[in-house]
Amino acid sequence: MEADLPFARRVSYALVAAALIAVVACGLAPGLIAGLTAMMILANAERILRAFGAGPRTARAGALVLLVFLAGILIGVVIAFARIGLAGLPQ
């Protein structure tokens, strides 16, 4: 790495450091992880759909449909676990 970084790169490093400090200070790590996971799913699904010959808009729409489908499954699993947990409580 160069000893003398360009001004724009130093500013970008400072902004990333400030954003990470804000995430830690405000307790936003779960939201950050969820957002990064959603972006990873969208990017990989779009890339795979494009590799199979889908157009750009079709691949983006398909990736979004996949993300909504996976979110629905996850919500269903959480609701099922909550029902099972609540069923075991005394009346």
**Q** Are V65 and I73 co-members of a hydrophobic cluster defined by side-chain heavy atoms under 4.5 Å apart?
**A**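 No; tracing contacts between hydrophobic side chains, which count when under 4.5 Å, never links both residues.
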**Q** Are any non-hydrogen side-chain atoms of L36 and L32 less than 4.5 angstrom apart?
**A**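 Of all side-chain heavy-atom pairs linking L32 with L36, at least one is under 4.5 Å.
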**Q** According to the salt bridge (charged side-chain N to carboxylate O under 4.0 Å, His left out) rule, which pairs have a member within residues 64-91, sequence neighbours left out?
**A**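 Sorted pair list comes back empty.
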**Q** Could you measure the distance from the CD1 atom of I79 to the CG atom of L86? Nearest 0.5 Å is fine.
**A**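 I79 CD1 to L86 CG: 11.5 Å, rounded to 0.5 Å.
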**Q** Indicate the atoms forming the closest heavy-atom contact of R50 with P56, along with that distance.
**A**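 Taking every non-hydrogen atom into account, NH1-CB, 3.7 Å.
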**Q** Please, which pairs that meet salt bridge (charged side-chain N to carboxylate O under 4.0 Å, His left out) have at least one residue in residues 34-47, sequence neighbours excluded?
**A**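 Found E46-R60.
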**Q** Can you get from L42 to L66 by hopping between Ile, Leu, Val, Met, Phe, Trp and Tyr side chains that sit under 4.5 Å apart?
**A**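 Yes, because L42 and L66 connect within a single hydrophobic cluster, where side-chain heavy atoms sit under 4.5 Å apart.
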**Q** What's the spacing between N44 CG and L49 CG if we round to 0.5 Å?
**A**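 The CG atom of L49 is 11.0 Å from CG of N44, to the nearest 0.5 Å.
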